[in-house]
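Only one structure is covered here, and it is reproduced in the block below.
Bear in mind that the values here come from a model prediction, so they are computed numbers and not experimental data. Position 1 is the first residue of the sequence, and the numbers go up from there.
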Amino acid sequence: MNKKVLQEPSAAIGVDIIVPVYNAAADVAQCVASVLEKTSGDYRLILIDDASPSPDIGRLFERWEKENIPKRILLRNEVNLGFTGTANRGMKLSHHAHPRRDVVLLNSDTIVTTGWLEALQRCVYSDDHIGTATPFSNNAEICSYPRFCADNGWPEGKDPEPIRAALSRAAAPSYPEIPTGVGFCFYIKRSLLDSIGFFDEAFGAGYGEENDFCLRAKKAGFRNVLCDDAFVVHLGERSFKGRKQELGGRNMQVLLDKHPEYLDVVGQFIARDPLRAIRAVAQLEEDKADAPENAVLHIVHTHGGGTELHARKLIKNSPPGWRHYLAIVDNVHWRVEFSPGDGAETFAICAGHSNNESLALFIEQLCGSLGVHLIHVHNISGCRDGFLSALPKLSISYGYTTHDLSFACPTITFLNPNERYCGGQMEAEVCQNCLRQQRLFSAIDIAEWRQTHHALAQKASFIIVPSRWAGQMFARYFPGIAVTRIEHAIPSNPVPSRSLSVLMFASSQWPTVAVLGAVGPDKGARRLERLTALAAEKNAAVRFVLIGYLDRQRGPWQSDDGRLLIHGRYASSDLPTLMDYYNVKLVLYPSAGPETFCYTLSETWQAGRPALVPPFGALAERMQEHGAGWIMSDEEWADEERMLQRILTLLDPVHHEAFQEKATHASHVSLPTMEHMVAETFACYKQALERTPTVASERLSFSPARIRDALGYTEGLSIKSAEAKGAQSENASGWVARFRQTPIGRFLRALLPQSVIDGLKKIIKR
């Protein structure tokens, strides 16, 4: 699509607004009142009563005639002509009286908003080839907002101006091409009428005439577009109540006889939904207006796991009145997820800062566009160097949760060159020597590392730690910085998946020990391998299942001797079922390094299993506090042979009673509740926002076009003709399946004659 400089329409071009009227006097009165109040410029309002049987319409017209408003022209049909004939009468009258005037066909069950006509005129005169324009509406099929191809309803008395204002703020404008206009509010340029004439009166009472008109316009070289910065309420089918199926079925056959490609073109458009990004920007603007101050940008890395899970739980369980955006960051690439309105649909802004744009400026503009006044940093490993310099420069408050201790040590888990926990060394020379021996960290200056992270932590509005141990370790490396302890929570009543895949575990009388999660060297991957080998070597009465995956084996797998099974990825809600299936007696944590909290320990206890944990970190702290399992001695942690012996001792039937006591205790552990975690975290948010006054009017932001494009919008939205469908045939079954589930798809399936359905099937098969 070629970009053109937008030009205002000539002041000499007036508009005739034609409103066919049939019954529904209250709607007609509301429509006319909105037009007279919200419309300016050179326009005439032509109301044509199509021989309405309702006496209320006659009384309404009589009252209006007495008011003598020059802009309002009142006409009556002697006999009922139907919508098509009445619309044509109005368009012909306009042509004969003022041959240069454009026309707008407006349903009598609409409510227009401020600037609607000016927006439509700007749209059609932005490009010489535009012939028709349709605004957004709550009920306009492919032009529906916020839900696509849906009647979004309209409660009586609701003010449409906030939606109109949001669409106006969000618009670039884009004026994307659409396969057909929608007749509730349909702007037609005079040059198009001069080229192809009026509606085909074969469509009689109505339905399908504007679709035929738009397809004829397309073939004559004109474009049909969405005016994406205008909004008109459509209450919907008040005049033709009860006749939609009758009229739609007949007229659809007429339409398909004239334009066999129609269903294919519309179906492909619905499957692509190229308007999705435009709607998303407007919904973002609506949300900002509804909750202007309480907005949080959560920043996580791209690795998923417990960090992302925690951020998503805070968002999901947020109190009312807050807006949240989840930024998954990898170097310069940002994916910012948000669910506007009722949260039924999630959108993603995929953006990044350019080489000539600092990260600080990018974040300021992003937060300005989102209306964000607080950043919650969960992990900065995605672009650590940039964040270290950018965050302290921001005018926006930020806080940090220590999901790990990477601020203190780049290894994150304090592993030395032997892949063992160093005990939390602090001496810079000792730490520097340790890093030099590890290829990934050999170039890092540990003193500078801690100094820059200390500066970042100092300016943070809050620092959250999930355990006492994590808080104590943070204080060792960064003294004088206050922290708030808020334990992580997991859902209290997980619902298992409807379908769950498992592996057949080789039959055995041996008890099963489980290891959970994504297990790399820090979580004890090599130690699990050695434990399994030792158990096989000693023919020990134990076997292992990893409910999760190894760094070296990510998919499901089982050893030939049945000693080790790797289940693969799993949903947390399925863990109790999986433990039952694999007959898990004990959960082992063979970690080489410390944890700051450990979600899976909570899940272990929730499933009623005791655990054996290392003698350090939050695992040992939590075990000591709750007693639902055992803590290894230093010697047992340091030596896999001793660790295996401890496991065998715990599982020995001789100690069955003591073991069962721990298992019973595990199922009664009082775990942190979601309500407490959320309440404490949002208390931190409120304190941070109270300390930093908002200055929204002065903030930097991206242009609407940049946000729109980052949501996946692309130019060149020209509608594919029937000749092009061969290149898309491989996707035919996909778009048809989606098309069938939309309201328009369900409507057409109910209306179409069998012959048309059979024809559509042939199109799909080609």
**Report entry** Donor on one side chain, acceptor on other, Tyr589 and Thr604, under 3.5 Å
**Finding:** yes

Report task. Please step through side-chain contact (heavy atoms from CB on, under 4.5 Å) for the pair Leu651 and Val513, ending with a clear verdict. Result -> CA-CA 9 Å; Leu651 294 173; Val513 173; 3.7 Å; yes

Report task. Using atom types as modelled and distance alone, determine if a side-chain donor or acceptor of Arg485 lies under 3.5 Å from a backbone N or O of Val465. Result -> no

Query - Tyr477 ring center within less than 6.0 Å of His454 ring center - result: no

Report task. With salt bridge (charged side-chain N to carboxylate O under 4.0 Å, His left out) as the test, would you mind laying out the steps for Arg622 and Glu625 before giving the verdict? Result -> CA-CA 5 Å; Arg622 297 183 68 197; Glu625 179 180 353; over 6 Å; no

**Report entry** Side-chain donor or acceptor of Glu487 paired with backbone N/O of Pro672 under 3.5 Å
**Finding:** no

Query raised in the report: Below 4.5 Å, heavy atoms only, C-beta onward: do Leu456 and Tyr398 meet side chain to side chain?
Result: yes

**Report entry** Side-chain donor or acceptor of Tyr581 paired with backbone N/O of Leu503 under 3.5 Å
**Finding:** yes

Requested in this report: Answer yes or no: does atom NZ of Lys316 have more than 12 heavy-atom neighbours from other residues, nucleotides or ligands under 6.0 Å?
Outcome: no

Report task. Could I get the full list of ring-ring contact (aromatic ring centres under 6.0 Å, His included) partners for His301, not counting sequence neighbours? Result -> His303

Query raised in the report: Has the side chain of Thr402 got a donor or acceptor atom that lies under 3.5 Å from a matching backbone atom of Ile464?
Result: yes

Query - Check: Leu415 main-chain N/O paired with Gln438 side-chain donor or acceptor under 3.5 Å - result: yes

Query raised in the report: Do the non-hydrogen side-chain atoms of Val613 and Ser591 ever get within less than 4.5 Å of each other?
Result: no

Query raised in the report: Does the pair Ser406 and Arg384 meet the rule for a side-chain contact (heavy atoms from CB on, under 4.5 Å), with working shown?
Result: CA-CA 10 Å; Ser406 60; Arg384 184 180 300 275; 3.4 Å; yes

Query raised in the report: Should Phe414 and Leu405 be marked as a side-chain contact (heavy atoms from CB on, under 4.5 Å) after you check the CA-CA gap, both sets of side-chain angles, and the distance that decides it?
Result: CA-CA 8 Å; Phe414 295 95; Leu405 290 170; 3.6 Å; yes

Query raised in the report: Do the two ring centres, one from Trp510 and one from Phe544, sit under 6.0 Å apart?
Result: no

Requested in this report: Could you grab the distance from atom CD of Glu537 to atom CD of Glu641, nearest 0.5 Å is fine?
Outcome: 7.5 Å

Query raised in the report: So Leu314 and His378, side-chain contact (heavy atoms from CB on, under 4.5 Å) or not? Walk me through it.
Result: CA-CA 12 Å; Leu314 288 173; His378 296 271; 4.0 Å; yes

Query - Spacing of NE2 belonging to His453 relative to CZ belonging to Phe387, to within rounding of 0.5 Å - result: 11.5 Å

Report task. Flag the pair Trp557 / Tyr549 as yes when at least one side-chain heavy-atom distance between them is below 4.5 Å, and no otherwise. Result -> no

Query - Between Thr596 and His403: side-chain donor-acceptor atoms closer than 3.5 Å - result: no

Query raised in the report: Is it true that a side-chain atom of Arg646 and a backbone atom of Leu612 form a donor plus acceptor pair closer than 3.5 Å?
Result: no

Requested in this report: Report the residue from Asp574, Leu578, Leu516 that forms a side chain to side chain contact (heavy atoms under 4.5 Å, CB included) with His567.
Outcome: Leu578

Query raised in the report: Donor-acceptor pair, Arg552 side chain versus Leu550 backbone, under 3.5 Å?
Result: no

**Report entry** Gln472 CD: over 12 foreign heavy atoms closer than 6.0 Å
**Finding:** yes

Query raised in the report: Which pair of heavy atoms, one from Ala518 and one from Lys523, lies closest together, and at what distance?
Result: O-CG, 3.9 Å

Query raised in the report: For the residue pair His353 and Phe362, does the interplanar ring angle fall in the parallel (under 30°), tilted (30 to 60°) or perpendicular (over 60°) class?
Result: tilted

Query raised in the report: Are the side chains of Asp522 and Thr411 in touch, meaning some heavy atoms are under 4.5 Å apart?
Result: no

Query raised in the report: Once you round to the nearest 0.5 Å, how far does CD1 of Ile299 lie from CG of Leu391?
Result: 6.0 Å

Requested in this report: Determine whether more than 12 heavy atoms belonging to other residues, nucleotides or ligands lie under 6.0 Å from atom CZ of Arg569.
Outcome: no

Requested in this report: Please check if atom CD in Gln458 has more than 12 non-hydrogen atoms from other residues, nucleotides or ligands closer than 6.0 Å.
Outcome: yes

Requested in this report: Measure the CD-CD distance between Gln432 and Glu427 for me, rounded to the nearest 0.5 Å.
Outcome: 11.5 Å

Query raised in the report: Do Ser395 and Glu364 have a side chain donor and acceptor closer than 3.5 Å?
Result: yes

Query raised in the report: For Phe597, does its backbone N or O pair with a side-chain atom of Ser467 as donor and acceptor, under 3.5 Å?
Result: no

Query raised in the report: Can you list the residues that meet the salt bridge (Lys or Arg N to Asp or Glu O under 4.0 Å) rule with Lys686, with sequence neighbours excluded?
Result: none

Query raised in the report: Mind checking whether Phe478 and Phe407 have parallel, tilted or perpendicular rings, split at 30° and 60°?
Result: perpendicular

**Report entry** Gap between atom CZ of Phe338 and atom CZ of Arg323 - 0.5 Å precision
**Finding:** 10.5 Å

**Report entry** Minimum heavy-atom distance between Leu297 and Ala327, given as atom pair plus value
**Finding:** CD1-CB, 3.8 Å

**Report entry** Ile375 vs Ile363 side-chain heavy atoms within contact, under 4.5 Å
**Finding:** yes

Query - Side chain Trp449, main chain Ile444, donor-acceptor under 3.5 Å - result: no

**Report entry** Inter-residue atom distance Glu635.CD - Asp639.CG, 0.5 Å rounding
**Finding:** 9.5 Å

Query - Between Thr346 and Glu337: side-chain donor-acceptor atoms closer than 3.5 Å - result: no

Requested in this report: Looking only at non-hydrogen atoms, find the nearest pair between Pro615 and Ala620 and report the distance.
Outcome: C-CB, 3.8 Å

Query raised in the report: Without hydrogens or angle criteria, can the side chains of Ser318 and His324 be said to hold a donor-acceptor pair below 3.5 Å?
Result: yes

Query raised in the report: Aromatic rings His376 and His310: how do their planes relate, parallel, tilted or perpendicular, breaks at 30° and 60°?
Result: perpendicular

Query - Within-4.5 Å side-chain heavy-atom neighbours: Arg335 and Leu326 - result: no

Query raised in the report: Would you say Ile490 and Tyr599 make side-chain contact, with heavy atoms under 4.5 Å?
Result: yes

Query raised in the report: Counting N and O atoms only, with roles assigned by atom type, does the side chain of Asn379 sit under 3.5 Å from a partner on the main chain of Ser381, one being a donor and the other an acceptor?
Result: yes

Query raised in the report: Are Leu531 and Leu588 close enough that some pair of their side-chain heavy atoms sits under 4.5 Å apart?
Result: yes

